[in-house]
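Heads up: the structure comes next, in structure tokens.
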Amino acid sequence: MPELPEVETTRRGIEPHILNATVKDIIVREYKLRWRIPKELEQQLPNQTILKVERRAKYLLLKTKSHCLIIHLGMSGSLRILEDHVPAEKHDHVDIILSCNILLRYRDPRKFGALFWTAQNPLLHPRLIDLGLEPLSKKFDDTYLFQQSRKKTVCVKSFIMNAKILVGVGNIYASEALYLAGIDPRRAAGRISKKRYGLLVQAVQKVLTKAIKYGGTTLRDFTKSDGAPGYFAQKLNVYDKNDLPCPSCNQAIKQIKLNQRSSYYCPKCQS
DNA sequence: AATCGCGCCTGACGGC
DNA sequence: TGCCGTCAGGCGCGAT
């Protein structure tokens with residue numbers, strides 16, 4: 001589910017509620033997520049104060065004085081802020097109860113998400129250390145994508161979804177960015193000009209920024225931290241629009257599979 | 001080294 | 001109504 005805009009929307013939603021709050025208790029109902037939730041989290045999180053709420057790639061970083069709780073939402077995860085008496089429902093795996101009578105609730109039906117607890121710099125965690133550039137950072141530019149892509153035979157869509165190159169772009173925004181840039185998603189990454197990578201950089205930044213502005217994309221189960229859906233689904237041009245007309249030229253949008261993922265493009269506008 | 005396909009897990013939906 | 005196959009916003013891993 002969540003790509004960078006949904007994770008950033010979640011971060012912005014929870015930050016004002018949990019910043020400088022002290023953890024009263026943590027309740028873990030299901031340990032078995034993508035990785036097992038460590039016992040140390042339950043033992044050590046209570047009485048710690050949340051001093052920073054940051055994001056790196058699709059990971060949320062809740063920092064205390066001595067530790068960092070790293071949260072990944074996987075495919076179907078969400079975080080919500082609730083009153084501390086609201087009963088848990090199915091798939092509500094973790095509650096973090098805060099001193100101010102609210103709780104941060106982690107729900108994840110498919111259990112592809114993860115919670116890590118680390119005393120070291122979270123950026124050095126094994127799951128984060130090899131991540132590529134943030135797409136909204138200054139370093140992310142045409143030169144970078146061009147250099148990284150030389151001699152690569154993978155299709156450009158898989159290339160921009162590779163977190164070792166570039167983080168935060170998942171299946172929805174990859175299709176959308178390539179549409180905006182006019183690039184055929186099937187094209188080999190190594191056979192795209194620097195000029196076209198310049199267009200792609202602009203497109204990625206534009207679509208992510210706009211999606212954040214609209215609170216992310218809700219297709220099925222994504223909810224913001226207040227339970228409301230994101231509204232960017234209304235702004236999608238091609239994703240999930242097989243056979244519907246291209247907003248620009250009216251040609252039917254095509255759906256294909258690239259590396260086992262559904263991909264959408266306009267056969268006339270993208271080449 | 002790079003690429004590809006599988007598997008983790010639950011739920012929704014369509015066809016029969 | 002039930003059963004079965006397919007699909008879903010991520011991503012690590014092993015085989016090639």
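Only heavy atoms go into these numbers, but all of them, side chains included; no hydrogens, no water, no symmetry mates. In what follows, every chain begins at residue 1, and chains take the letters A, B, ... in the order their sequences are listed.
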Output the rounded distance in Å from [atom1] ([X]) to [atom2] ([N]).
X      : N      : atom1 : atom2 : result
A:H91  : B:dC8  : NE2   : C1'   : 15 Å
A:D130 : C:dC13 : CG    : C1'   : 14 Å
A:E30  : B:dC8  : CD    : C1'   : 13 Å
A:L208 : C:dG9  : CG    : C1'   : 13 Å
A:R36  : C:dG12 : CZ    : P     : 20 Å
A:R107 : B:dG11 : CZ    : C1'   : 13 Å
A:R110 : C:dC11 : CZ    : C1'   : 12 Å
A:Q148 : B:dA2  : CD    : P     : 10 Å

(Q) Looking only at the side chain of A:M75 (C-beta and beyond, no hydrogens), which of the listed nucleotides C:dG9, B:dT10, B:dT3 gets closest? (A) C:dG9
Q: Taking only the side-chain heavy atoms of A:V154 (C-beta and beyond), determine which of C:dG12, B:dC4, C:dG9 contains the nearest atom.
A: B:dC4
Q: Give a yes or no on whether A:R29 atom CZ has more than 12 heavy-atom contacts from other residues, nucleotides or ligands under 6.0 Å away.
A: yes
Q) Just by distance, do the side chain of A:R196 and the backbone of A:G182 share a donor-acceptor pair under 3.5 Å? A) yes
Q: Using atom types as modelled and distance alone, determine if a side-chain donor or acceptor of A:R56 lies under 3.5 Å from a backbone N or O of A:L131.
A: yes
Q: Take A:R34 and A:K90, find for each the nucleotide of DNA chain B with the closest heavy atom, and name the residue whose nucleotide sits nearer the 5' end.
A: A:R34
According to a strict under-4.0 Å criterion, is [X] in side-chain N/O contact with OP1 or OP2 of [N]?
X      : N      : value
A:H72  : C:dG10 : no
A:T153 : B:dT3  : yes
A:K151 : B:dA1  : no
A:K58  : C:dG10 : yes
A:Y173 : C:dG9  : no

(Q) So A:Y59, base contact, sugar-phosphate only, or nothing? Heavy-atom distance under 4.0 Å. (A) sugar-phosphate
Suppose you measure atom [atom1] in [N] against the same atom in [M]; what distance do you get, rounded to whole Å?
N      : M     : atom1 : answer
B:dG7  : C:dG5 : P     : 15 Å
C:dC11 : B:dA1 : P     : 23 Å
B:dG5  : C:dC7 : P     : 15 Å

Determine whether the side chains of [X] and [Y] contain a donor N or O and an acceptor N or O closer than 3.5 Å.
X      : Y      : answer
A:T49  : A:T22  : yes
A:Y144 : A:D142 : no
A:Y197 : A:Q147 : no

Q) Across all strands shown, which nucleotide pairs with C:dG9 by Watson-Crick or G-U wobble geometry, both distances under 3.5 Å? A) none
Q: Run the ring-centre check on A:Y214 versus A:Y231 and record whether the distance is less than 6.0 Å.
A: no
(Q) Please verify the inter-ring angle class for A:W117 with A:H67; under 30° counts as parallel, over 60° as perpendicular, anything in between as tilted. (A) parallel
Q) May A:F112 be described as stacking on the base of C:dC11, applying a 5.5 Å centroid limit and a 30° limit on plane angle? A) no
**Q.** Members of residues 253-265 of chain A that approach DNA chain B, where some heavy atom sits under 4.0 Å away
**A.** A:N259, A:Q260
